[in-house]
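Numbers here are sequence positions counted from 1.
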Amino acid sequence: MAPVLRFAPSPTGRIHIGNARTAILNWLYAQKSGGTFILRYDDTDVERSKSEFAEAIAADLAWLGIRPDVVEHQSKRTGAYHAAADRLKASGRFYPCYETADELERRRKRQLARHQPPVYDRAALKFTDAERKALEAEGRKPHWRFKLEHRIVEWNDLIRGPQHIDTTNLSDPVLVREGGSHLYTFSSVVDDIDFGITHVIRGEDHVVNTAVQIELFEALAGSLPTFAHHSLLTGADGQGLSKRLGSLSITSLREQGLEAMAVVSHAALLGTSDSIHPCIDYRELIEGFDLGKLSRAPVRFDENELRGLNARLLHMLPYAAVRDRLKHGDEAFWLAVRGNLTTLADVEGWWTVVSGKIIPIIAAEDRDFIAAAARLLPEAPWTAETWKTWTEAVKAETGRKGKALFMPLRLALTGLDHGPELALLLPLIGRDKTISRLNAN
């Protein structure tokens, strides 16, 4: 059976680089194994889930090159959750509780003061039918807890290896709210069963939750997926990434002019045994993908490292990869300037250097030198060899060499002390503009 994987964001905010990493890992696994990738919006939180966030998530994934085979919304599957809840009630695994949030908090504080673990004591199981009716007569509506088996749950994690958690140390989780809405832990398992999910790749913050979900899978007679929990990304300060940390949202990274494959390359290779390097497309990442390469240690995300990777990617991109996004220039222009780009937007500055108006910089002590250079300028047509021919002639007449020869020419021709090789730029600037700039003094 071909694997079936899912990325299940909650549309309560924009996805950031940490969320994207989870999506990318699931996508790569599906592509490597010929499997199916499902985008599932976990939008059971009606108050906080917004359609604009769902649309933004879809746009971000599309920009990253991730196109789901199937799209699902939990908000459209309430009937399935009600049916599953009824089955658990009938089997005695769901039970109603009537404590308010304040009552539960006071009970928790008492347990902590007595040096007891703050685990729900299952007091609601002791209520008689009459007591439940009395509570409901007061206007209380029950929330429903899943009764754990209080045993050691074991699984073999594809990243973390053999895992075991004793659910005796966990509170029976609330899976249905007072208003009847379903919480993530419950609806996620029902969906995973119904959609035939075979592999769940997600962050290590879900490890404890996995033990609860395994008991749920078994209680609902569902096939147990294989789990893989990857380490979480931290910011440069070592703190966790927040969903609403705007500068690291995928939307923000796109708006900052970063290349999608730079973001993908960084996210896919970060925390693996592979070196972090730019990949032009997904093919290399798919071929080399292996969950066994992922480290269990926390991984620090460095935005400066991503920007450096973005520049390295641009430096190697062929003209065909950017042609449709360039407003100006041809292949010769692209090959001349790509090595000096940090983002694609930097192209505009170099187009101005080649074809627009600049302010030539000619120091007083270099005026005679620049005048001599102007007299020695070769006739057109110009090629990549023109720069060498010209500078050798200038060197022979003026005696200048090295930086004293090349820097005044660069400053006069570009107005900058850095930039692409002038052997490539000179034919693009052309003889007329070159003469005009050299005569600017």
I'd like to know whether T168 forms a side-chain hydrogen bond (donor to acceptor under 3.5 Å, both in side chains) with D166, so could you lay out the CA-CA distance, the side-chain angles of the two residues, the decisive distance to 0.1 Å, and finally the verdict. CA-CA 5 Å; T168 303; D166 189 347; 2.8 Å; yes

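- When I250, I66, I24 are each tested for a side-chain contact (heavy atoms from CB on, under 4.5 Å) with L61, only one passes: I66.
- For the 3.5 Å distance criterion, the side chains of Y98 and E138 fail to qualify, holding no donor opposite an acceptor.
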Y184 vs Q213, side-chain contact (heavy atoms from CB on, under 4.5 Å): CA-CA, chis, key distance, verdict: CA-CA 10 Å; Y184 157 81; Q213 290 189 330; 4.0 Å; yes

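- Classification of D191 and R6 as a salt-bridged pair fails, no side-chain N sitting under 4.0 Å from a carboxylate O.
- Judged purely by atom type and a 3.5 angstrom limit, Y41 uses its side chain to pair as donor or acceptor with the backbone of A54.
- Around atom NZ of K133, no more than 12 heavy atoms belonging to other residues, nucleotides or ligands sit under 6.0 Å away.
- A donor atom on one side chain and an acceptor atom on the other are found under 3.5 Å apart for R202 and T210.
- Between the side chain of R410 and the backbone N or O of D417 there is no donor-acceptor pair closer than 3.5 Å.
- A salt bridge does not link R14 with D60: every distance from a Lys NZ or Arg NE/NH1/NH2 to an Asp or Glu carboxylate oxygen is 4.0 Å or more.
- Between D192 and R40 a salt bridge is recorded (basic side-chain N to carboxylate O distance below 4.0 Å).
- The 12-atom threshold is exceeded at CZ of R325, counting heavy atoms of other residues, nucleotides or ligands nearer than 6.0 Å.
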Go through the steps to decide whether R122 and K147 satisfy the test side-chain contact (heavy atoms from CB on, under 4.5 Å), and finish with yes or no. CA-CA 9 Å; R122 292 182 168 176; K147 187 178 180 182; 3.6 Å; yes

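- Checked for salt-bridge contact, E47 and R177 miss the test: no charged N lies under 4.0 Å from a carboxylate O.
- Proximity of a side-chain donor or acceptor of R160 to a complementary backbone N or O of H229 within less than 3.5 Å is not detected.
- The shortest non-hydrogen separation linking W63 to L258 is CZ2-O, 3.1 Å.
- A cation-pi geometry, defined here as NZ or CZ lying under 6.0 Å from the six-membered ring centre and within 45° of its normal, does not hold between K327 and W351.
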Let me see the working for D43 and S75 under side-chain hydrogen bond (donor to acceptor under 3.5 Å, both in side chains), right down to the final yes or no. CA-CA 6 Å; D43 55 357; S75 57; 2.9 Å; yes

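- For the side-chain hydrogen bond (donor to acceptor under 3.5 Å, both in side chains) criterion with T167, the lone passing option out of E149, E215, H150, R151 is E215.
- S265 places a side-chain N or O within 3.5 Å of a backbone atom of C279 that can act as its donor or acceptor partner.
- The two residues D194 and A80 make their nearest non-hydrogen contact at OD2-CB, 4.0 Å.
- Remark: the backbone N or O of T343 is paired with a side-chain donor or acceptor of D346 at under 3.5 angstrom.
- For S275 (side chain) and H277 (main-chain N/O), no donor-acceptor pair under 3.5 Å exists by modelled atom type.
- Residues R77 and F195 are in side-chain contact: their nearest non-hydrogen atoms beyond the backbone lie under 4.5 Å apart.
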Do W27 and F7 pass the ring-ring contact (aromatic ring centres under 6.0 Å, His included) test, and can you show the C-alpha distance, the side-chain angles, and the key distance before you say yes or no? CA-CA 8 Å; W27 168 254; F7 174 55; over 10 Å; no

Tell me, with the steps shown, if S252 and Q256 meet side-chain hydrogen bond (donor to acceptor under 3.5 Å, both in side chains). CA-CA 6 Å; S252 175; Q256 292 172 46; 2.8 Å; yes

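- Of all the heavy atoms in C97 and A124, the pair that sits closest is SG-CB, 3.5 Å.
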Given R108 and E105, is the salt bridge (charged side-chain N to carboxylate O under 4.0 Å, His left out) satisfied, shown in steps? CA-CA 5 Å; R108 177 178 175 277; E105 181 60 20; 3.7 Å; yes

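- Side-chain contact between E259 and V322 is absent, with no heavy-atom pair separated by less than 4.5 Å.
- No side-chain donor-acceptor contact under 3.5 Å links H182 and T78.
- The side-chain contact (heavy atoms from CB on, under 4.5 Å) with F146 is formed by just one residue from the set L183, T185, V174, L175; it is L175.
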side-chain hydrogen bond (donor to acceptor under 3.5 Å, both in side chains), that's the test. Do D42 and S188 meet it? Break it down for me. CA-CA 8 Å; D42 286 3; S188 179; 5.0 Å; no

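- Side-chain contact check for I201 versus T22: every heavy-atom pair is 4.5 Å or farther apart.
- Within a 6.0 Å sphere centred on NZ of K32, heavy atoms belonging to other residues, nucleotides or ligands number more than 12.
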